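Notes to accompany the following structure.
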Amino acid sequence: MATAHSTRSDLDQWRKWKKQHASFPLSVRANGQWGKKVLGRIHHFGPLDDPDAALRRWLSAKDHLLAGEEPPEPASGLSIREICLLFADNAEARRDRGELDATSYRHFIFASKFILEHLGKSKSASTLSPRHFAELRQAVAKTGRNLRSQKNLIIDVRAIFRWAKRMHYIETVEFGPEFRPPNVDAIEREHEKQGTRRFFDREDLLAILETCRPKFKAQVLLGINCGFQGHDVQFLTLARLHLDSEIPYHDFRRVKKPRRRMAALWPETVEALRYYLNEVRPESSERIVFLDRSGKPTVNPRYEGVLTQSLDLAFKRAGRDRPKGAGFGSLRHTLATVLDLSNDTKMTNLIMGHKDKTIRQRHYVQFNLSELTRLKKVSDIVHRWLFDGEVE
């Protein structure tokens, strides 16, 4: 089981409890569950904070296990805590297999903790009704998150229970009419009311590029040239930069959604990358492009926030105010907005790393390097907008 919900103090607390209850047949496991080794195999019986339920499961399964048989799985009756632990195990395995990115994994773990906090731990998941989910919807609203973040949390919670249903851990799940994410219109109205936007004017971008330090300048140019977000910048590898090609380009897949992506690199982007790699980057055998001062990759799941702080400093040096609500990820939004001037949907999707809508485009039509000219033509639209003020 995953250890996401257990701390060292929790384990120490239950080890003391176990010493005081010497006759209790189960032992404290490091994953936060009660367990027992039977015929050379460790079996788990539920979370530490519910020893009575764990004991019932052990007594129910005891004869089967001692006989070397698998105990029958209950069709229902798992607690909410057990559902969340099982889902955390699944999410952890998918992350380790490369099927789930680190950001999505972190969001799922947060959603699991949110469920436990507001729906309880020992309650049977099969007893949940639309009334419980209506109350959970109110709890989401009270978090103070904006509507877009509320939408993402609700989607993650629904995904956890739907997964449990598909795995037959629960027979059914009735969310009811209240537990729905905010619609697009409501989110847009909130943005209008708050006066936030995720777009940078070209004058702002040109000003901050003049004040950026070499490493951050290269990162900003990757954001506006290629649509890179924080995790893309963080994990970009040297092998995916083709600076010596006749038309320089990158072919680094998106980290958030590992989809195929390419972009022709502007001369300014190539120059900034070359300067960083040759003059600034510490000597290292690491394959990651951007390293910290010690020559190691940056390990920070919230790297996007770090880059937004650097953006703040660049704006201050330029004597400008960062637009409200616009962070490093807004470079990608700005790129997409200007790319919309192009009629070449295939190249736009390739630059952004968006999924093509047809099976033919997704699986059969391959990108030919001779098409780099076509890719550059689309990328140049944004280049002319930024550096020349031209809008087609």
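Side-chain atoms are counted along with the backbone in the values below, which use heavy atoms only and exclude waters and symmetry mates. What you are looking at is a predicted structure, and each value in this text was computed from that prediction instead of being measured. The residues of the chain are indexed from 1 along the displayed sequence.
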**Item:** Residue pair Met347, Leu350: steps toward the side-chain contact (heavy atoms from CB on, under 4.5 Å) verdict
**Value:** CA-CA 5 Å; Met347 293 298 104; Leu350 188 59; 4.3 Å; yes
**Complete:** Tightest non-hydrogen contact, residues Ala186 and Leu147, listed as O-CD1, 3.5 Å
**Request:** Mind listing the closest non-hydrogen atom pair of Pro248 and Val270 along with its distance?
**Result:** CB-CG2, 3.6 Å
**Asked** Regarding Ser379 and Trp266, is there a side-chain donor-to-acceptor distance under 3.5 Å anywhere?
**Response** yes
**Item:** Centroid-centroid distance, Phe87 to Phe161, less than 6.0 Å
**Value:** no
**Item:** Atom OH of Tyr275 with >12 non-hydrogen neighbours under 6.0 angstrom
**Value:** no
**Item:** Cluster check Ile155, Phe133: I/L/V/M/F/W/Y, side chain < 4.5 angstrom
**Value:** no
**Asked** Is the number of heavy atoms from other residues, nucleotides or ligands within 6.0 Å of CD (Glu69) greater than 12?
**Response** yes
**Message:** Looking at Glu271, I'd like to know if its CD atom is crowded, meaning that more than 12 non-hydrogen atoms belonging to other residues, nucleotides or ligands lie closer than 6.0 Å.
**Reply:** no
**Item:** Sequence neighbours excluded, every pair satisfying salt bridge (Lys or Arg N to Asp or Glu O under 4.0 Å) that has a member inside residues 13-33
**Value:** Asp12-Arg15
**Prompt:** Cut-off 3.5 Å, side chains only: do Thr269 and Asn225 have a donor facing an acceptor?
**Reply:** yes
**Item:** Intermediate values then yes/no, salt bridge (charged side-chain N to carboxylate O under 4.0 Å, His left out), Asp49 and Arg81
**Value:** CA-CA 10 Å; Asp49 59 4; Arg81 173 70 179 268; 3.0 Å; yes
**Asked** Looking at the rings of His118 and Phe114, which for Trp means the six-membered one, are their centres under 6.0 Å apart?
**Response** yes
**Request:** Answer yes when Lys165 and Glu174 have at least one side-chain N-carboxylate O distance shorter than 4.0 Å, and no when they do not.
**Result:** no
**Message:** Among Leu128, Ile80, Ile83, which residue satisfies the side-chain contact (heavy atoms from CB on, under 4.5 Å) criterion with Ile115?
**Reply:** Ile80
**Message:** Using a 6.0 Å cut-off, check whether atom CZ of Arg106 has over 12 heavy atoms from anything other than its own residue.
**Reply:** yes
**Asked** Side chains of Phe199 and Pro323: does their closest heavy-atom pair fall under 4.5 Å?
**Response** no
**Spacing of Ile160 atom CD1 and Ile109 atom CD1 [to the nearest 0.5 Å]** = 8.0 Å
**Request:** Find the distance between CG (Asp89) and SG (Cys84) and round it off to the nearest 0.5 Å.
**Result:** 11.5 Å
**Message:** Below 30° counts as parallel, above 60° as perpendicular, anything between as tilted: where do the rings of His43 and Phe45 land?
**Reply:** tilted
**Message:** I'd like to know if Ile247 and Leu222 are part of one continuous hydrophobic network [Ile/Leu/Val/Met/Phe/Trp/Tyr, side-chain heavy atoms within less than 4.5 Å].
**Reply:** yes
**Item:** Other residues, nucleotides, ligands: >12 heavy atoms within 6.0 Å of Arg148 CZ
**Value:** no
**Request:** Answer with yes or no whether the side chains of Ser129 and His132 bring together a donor and an acceptor at under 3.5 Å.
**Result:** yes
**More than 12 heavy atoms from other groups under 6.0 Å of CG on Asp321** = no
**Prompt:** Same hydrophobic cluster for Tyr105 and Leu116, using side-chain heavy-atom links shorter than 4.5 Å among ILVMFWY?
**Reply:** yes
**Prompt:** Can Asn300 and Thr298 be counted as having a side-chain donor-acceptor contact under 3.5 angstrom?
**Reply:** no
**Prompt:** Once you round to the nearest 0.5 Å, how far does CD1 of Ile154 lie from CZ of Arg145?
**Reply:** 10.5 Å
**Asked** Would you find more than 12 non-hydrogen atoms of other residues, nucleotides or ligands less than 6.0 Å from Asn343 atom CG?
**Response** no
**Message:** I'd like to know if the side chain of Ser79 and the backbone of Ser124 have a donor-acceptor N/O pair within less than 3.5 Å.
**Reply:** no
**Request:** Give me the one residue out of Leu341, Thr345, Ile351 that meets side-chain contact (heavy atoms from CB on, under 4.5 Å) with Val378.
**Result:** Ile351
**Item:** Charged N-O contact under 4.0 Å between Arg131 and Glu135
**Value:** yes
**Request:** List the steps and the verdict of side-chain contact (heavy atoms from CB on, under 4.5 Å) for Phe110 and Asp156.
**Result:** CA-CA 9 Å; Phe110 177 85; Asp156 288 342; over 6 Å; no
**Item:** Minimum heavy-atom distance between Gly329 and Glu304, given as atom pair plus value
**Value:** N-OE2, 2.7 Å
**Message:** Contact between Val233 and Val289 at the side-chain level, heavy atoms closer than 4.5 Å - yes or no?
**Reply:** no
**Prompt:** Does the pair Asn31 and His44 meet the rule for a side-chain hydrogen bond (donor to acceptor under 3.5 Å, both in side chains), with working shown?
**Reply:** CA-CA 10 Å; Asn31 63 0; His44 297 96; 3.2 Å; yes
**Request:** Verify the ring-centre separation between Tyr249 and His242: is it less than 6.0 angstrom?
**Result:** yes
**Message:** Same cluster or not: Phe24 versus Val28, using hydrophobic residues (I, L, V, M, F, W, Y) connected whenever any side-chain heavy atoms lie under 4.5 Å apart?
**Reply:** yes
**Message:** Using a 6.0 Å cut-off, check whether atom CZ of Arg287 has over 12 heavy atoms from anything other than its own residue.
**Reply:** no
**Request:** Flag yes if Leu153 and Leu100 sit in one hydrophobic cluster, no otherwise; membership is Ile, Leu, Val, Met, Phe, Trp, Tyr, and two members link when side-chain heavy atoms are under 4.5 Å apart.
**Result:** yes
**Request:** Heavy atoms only: give me the nearest Ser126-Ile170 pair and the separation to one decimal.
**Result:** N-CG2, 4.3 Å
Going by atom type alone, with no hydrogens or angles, which donor-acceptor pairs under 3.5 Å involve a side-chain atom of residues 202-215 and a protein atom two or more places apart or on another chain?
unit_1, atom_1, unit_2, atom_2, d
Arg202, NE, Trp385, O, 2.9
Arg202, NE, Leu386, O, 3.1
Arg202, NH2, Leu386, O, 3.0
Asp204, OD1, Arg320, NH1, 2.8
Thr211, OG1, Ile208, O, 3.0
Thr211, OG1, Ala314, O, 3.0
Lys215, NZ, Leu291, O, 2.9

**Request:** Establish, from distance only, whether the side-chain atoms of Asn146 and Ser149 form a donor-acceptor pair under 3.5 Å.
**Result:** yes
**Message:** Please report the interatomic distance CD(Glu268) to NZ(Lys217), rounded to the nearest 0.5 Å.
**Reply:** 8.5 Å
**Item:** Between CD on residue Glu246 and CG on residue Asp244, distance to nearest 0.5 Å
**Value:** 12.5 Å
**Asked** What are the two closest non-hydrogen atoms of Ala159 and Phe108, and how far apart are they?
**Response** CB-CE2, 4.1 Å
**Item:** Cation-pi geometry met for Arg261 and Phe252 (6.0 Å, 45°)
**Value:** no
**Message:** Does the plane of the ring in His250 sit parallel, tilted or perpendicular to the ring in Phe228? Use 30° and 60° as the thresholds.
**Reply:** perpendicular
**Fill in**
Minimal heavy-atom distance between Gly46 and Arg57, with the atoms involved, is CA-NH1, 4.0 Å
**Request:** Any chance you could lay out the side-chain contact (heavy atoms from CB on, under 4.5 Å) test for Leu375 and Leu372, step after step, and finish with the verdict?
**Result:** CA-CA 5 Å; Leu375 190 65; Leu372 270 173; 4.0 Å; yes
**Item:** side-chain contact (heavy atoms from CB on, under 4.5 Å) assessment of Arg95 paired with Glu92
**Value:** CA-CA 5 Å; Arg95 182 199 62 187; Glu92 186 175 33; 3.7 Å; yes
**Prompt:** Taking atom CG of Asn152 and atom OG of Ser104, what is their separation to the nearest 0.5 Å?
**Reply:** 9.5 Å
**Side-chain heavy atoms of Pro297 within contact of Phe235, under 4.5 Å** = no
